[in-house]
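All ligand and atom numbering here is 1-based and tracks the order in the structure.
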Amino acid sequence: MTEDYDVIIIGSGAGGGTLAYDLASSGKRILLLERGDFLPRELENWDAKPVFVDGRYISKDTWFDRDGKQFQPQVHYFVGGATKLYGAALYRLRPQDFGEIKHADGISPAWPLSYEDFEPWYSAAERLYQVHGNAGEDPTEGPRSEPYPWPAVSHEPRLEKISDDLAKGGYHPFHAPCGIMLNEADRPRSICIRCATCDGYPCLVHAKADADVIAVRPLLARPNVTLLTGAEVTRLETDDSGRTVTGVVVSRDGNREVYRGDIVAVSTGAANSAKILLNSASDKHPNGLANGSDQVGRNYMFHNCKAVAALSKERNDTVFQKTLGINDFYSATKDYEYPMGNIQMVGKSNAEAMRGEQPQLTWFAPEWGLTDTAQHSVDFWLTTEDLPVPENRVTTDNDGNVHLTVTMTNNEEAGRLYEELKKILNHTGMAAHHVFRKNFYMDMAIPLAGCAHQAGTCRFGTDPATSVLDTDCKAHELDNLYVVDTSFFPSIGAVNPALTAMANALRVGEHLRQRMG
Ligand SMILES: Cc1cc2nc3c(=O)[nH]c(=O)nc-3n(C[C@H](O)[C@H](O)[C@H](O)COP(=O)(O)OP(=O)(O)OC[C@H]3O[C@@H](n4cnc5c(N)ncnc54)[C@H](O)[C@@H]3O)c2cc1C
Ligand code: SF4
């Protein structure tokens with residue numbers, strides 16, 4: 001079967017879904033190919049056991065590590081991609097992230113474009129994804145052409161207290177930017193109910209600003225947009241010159257189907273986009289499509305992260321906890337010459353989630369029990385930038401499977417950030433409140449399978465020898481192939497990546513509109 005479209009977009013997540021949304025109003029014939037289905041609305045959406053313990057929404061994919069050992073990557077194949085499960089912390093990269101930065105383990109390279117180039121697209125993405133925030137609180141924030149479209153999500157009392165204590169201690173806590181459809185001024189009509197099962201869970205009431213709800217669903221009634229679910233793209237075929245993608249090969253319901261588009265945009269997540277290109281090797285592209293530079297699959301990044309639960313005697317009854325951020329250690333400080341990263345809150349622990357995330361946490365269960373522990377925990381997410389190392393890479397084997405080779409970078413910076421967090425917590429008086437026992441912290445290093453923030457396998461740049469894509473995210477070696485997910489990142493910064501993928505998709509959308517006329 002062969003069908004023709006103006007644009008074929010592969011993958012409906014932050015990159016692909018947003019691009020489809022942007023291009024839909026052009027009237028061009030658009031085909032959106034998504035290997036997953038719509039995520040079912042069911043009570044399990046908001047139940048920690050199925051979500052965190054049973055991995056109900058994690059794909060059954062098998063990937064392999066450097067030793068050939070198989071693991072189940074935490075990837076999510078649904079309309080909307082990883083954004084269905086994301087925490088919706090929608091940060092802009094900081095202006096310095098677009099330049100070269102020295103780190104303990106090497107250099108984070110400059111982007112070919114600046115913060116100023118991205119700024120209008122960040123604003124547009126914030127509007128589309130209804131980002132709530134409060135400009136001017138975070139000193140590391142770049143200049144903005146417009147305020148956040150929605151006021152910041154308020155802190156609940158425990159977080160307000162932590163924020164106040166931090167400010168008194170000379171830190172600069174800020175309201176974290178957040179893409180939830182919460183209208184605090186009109187709660188009876190607010191779509192978001194401000195619940196405790198947001199970060200890492202799908203939203204049962206469709207109030208999370210994810211790519212499914214915000215970008216894809218509004219397109220379904222349009223006659224010029226076709227969404228095919230259950231459509232796994234396995235390979236891209238080119239004409240004899242190797243310059244033009246002429247066939248998008250899909251496996252659907254056990255059948256092989258081929259679609260043709262004047263423009264093809266791959267947006268299947270950093271690892272899977274590399275997989276598709278590598279598995280599309282041909283005579284003209286013997287090392288994989290668009291891979292004359294041998295860069296496809298290299299420079300895989302996924303952040304050097306830790307989830308940390310700080311316990312104190314005081315209860316933490318916060319429901320929606322992801323409201324606070326701290327960037328005082330984002331750049332080098334007077335005490336440490338390298339950047340350490342971002343501190344933010346992560347979804348509130350509950351006993352089941354803790355059991356699922358880290359079985360060894362149960363070591364103290366006899367004393368407190370997981371329920372007590374969860375009720376007293378304040379949960380932080382620490383993000384340190386990891387570096388684009390060429391040897392950290394995705395490759396595929398003869399069967400087309402993903403192999404992921406990663407050596408973590410900037411562990412020293414991540415360790416310093418953790419020490420700073422401990423200092424902060426003592427500073428806020430949490431230790432003083434903790435009359436009977438010393439505060440203790442639980443540190444969850446994310447393993448290879450925790451690829452939520454994957455990026456960088458097809459970086460963009462001006463030099464075809466060192467990058468896969470040009471600055472429009474078009475493959476240097478092809479005339480009609482684009483990659484529009486987090487693959488294009490030349491470096492990842494230390495804030496969550498989704499807003500940058502969304503902003504970039506809008507930027508590339510504008511380019512494609514001009515190109516198509
Ligand atoms: C639990 C969790 C929490 C997160 N929290 C945050 C957060 O708070 N803030 C933030 O900024 N980021 C967060 N992220 C990361 C964020 O979701 C990703 O950075 C973002 O979704 C990446 O966008 P993408 O377009 O690259 O990939 P995705 O959004 O994953 O989209 C890829 C799409 O391609 C589809 N696909 C894959 N292979 C194929 C194929 N062969 N054929 C067809 N379709 C295919 C997938 O099903 C998917 O729909 C989180 C992620 C997770 C998992
Ligand atoms: S907090 Fe709001 S957006 Fe998040 S899951 Fe609950 S209702 Fe949905």
Side-chain angles (χ1 to χ4, degrees), residues 9-19 32-37 39 45-46 51-52 57-59 61 73-91 129 153 176-182 190-213 216 228-235 248-252 266-273 275-276 279 302-303 319-320 322 344 346-347 381 383 400 402 450-455 457 483-489 492 495-502 504-505:
I9 299 170
I10 308 167
S12 63
T18 309
L19 181 65
L32 184 54
L33 295 169
E34 167 55 54
R35 76 177 277 176
D37 204 337
L39 192 145
N45 289 176
W46 277 352
V51 173
F52 289 106
Y57 304 113
I58 297 173
S59 104
D61 252 15
Q74 298 207 349
V75 288
H76 308 278
Y77 297 146
F78 295 104
V79 175
T83 69
K84 285 307 292 176
L85 283 296
Y86 78 166
L90 292 178
Y91 282 80
Y129 283 90
V153 178
C178 191
I180 58 174
M181 297 179 218
L182 177 66
S190 172
I191 304 172
C192 168
I193 62 167
R194 188 173 187 140
C195 70
T197 45
C198 193
D199 192 2
Y201 298 80
C203 179
L204 180 56
V205 296
H206 283 188
K208 196 188 283 189
D210 62 42
D212 165 30
V213 172
V216 178
L228 279 190
T229 56
E232 180 185 354
V233 172
T234 55
R235 182 180 167 81
V248 176
V249 181
V250 168
S251 167
R252 193 161 73 107
V266 179
S267 189
T268 53
N272 279 313
S273 288
K275 173 185 172 182
I276 290 174
N279 287 347
F302 67 140
H303 277 145
V319 174
F320 185 84
K322 216 171 165 65
Q344 62 185 269
V346 69
W381 181 256
T383 306
V402 168
C451 48
H453 288 190
Q454 58 182 285
T457 56
V483 180
V484 194
D485 53 22
T486 54
S487 302
F488 85 98
F489 286 32
I492 193 170
V495 288
N496 318 48
L499 187 74
T500 300
M502 294 157 176
N504 185 59

For this session: With heavy atoms under 4.0 Å as the rule, classify the contact between Tyr91 and ligand 1 as side chain, backbone, both or neither.
Result: neither
For this session: With atom 2 (Fe) of ligand 2 as the centre, enumerate protein N/O/S atoms below 2.8 Å in chain and residue order.
Result: Cys192 SG
Exercise. Nearest to atom 25 (O) of ligand 1, what protein heavy atom do you find, and at what distance?
Worked result: Gly15 N, 2.9 Å
Problem set entry | Nearest-neighbour protein heavy atom for atom 46 (C) of ligand 1, which is reported as residue plus atom name and distance | Glu34 OE2, 3.5 Å
Problem set entry | Top protein contact for atom 31 (O) of ligand 1, by heavy-atom distance | Gly13 CA, 3.3 Å
For this session: Select one of side chain, backbone, both or neither to describe which atoms of Trp46 lie under 4.0 Å from any atom of ligand 2, heavy atoms only.
Result: side chain
Exercise. Can you tell me which residue and heavy atom of the protein come closest to atom 41 (N) of ligand 1, and the distance to 0.1 Å?
Worked result: Val233 O, 3.0 Å
Problem set entry | Pair Lys275 + Asp61: basic N to acidic O under 4.0 Å | no
Problem set entry | Per atom 33 (C) of ligand 1, closest listed option by heavy atom (Gly179, Ser267, Gly16, Pro202) | Ser267
Seminar exercise, completed: Closest to atom 27 (O) of ligand 1 among protein heavy atoms sits Gly269 CA, 3.8 Å
Exercise. Relative to atom 38 (N) of ligand 1, which among Lys322, Lys275, Arg35 owns the nearest non-hydrogen atom?
Worked result: Arg35
Exercise. Please state which protein non-hydrogen atom is closest to atom 28 (P) of ligand 1 and give its distance, to 0.1 Å?
Worked result: Ala82 N, 3.7 Å
For this session: For atom 5 (N) of ligand 1, find the nearest protein heavy atom and state the residue, atom name and distance (0.1 Å precision).
Result: Gly87 N, 2.9 Å
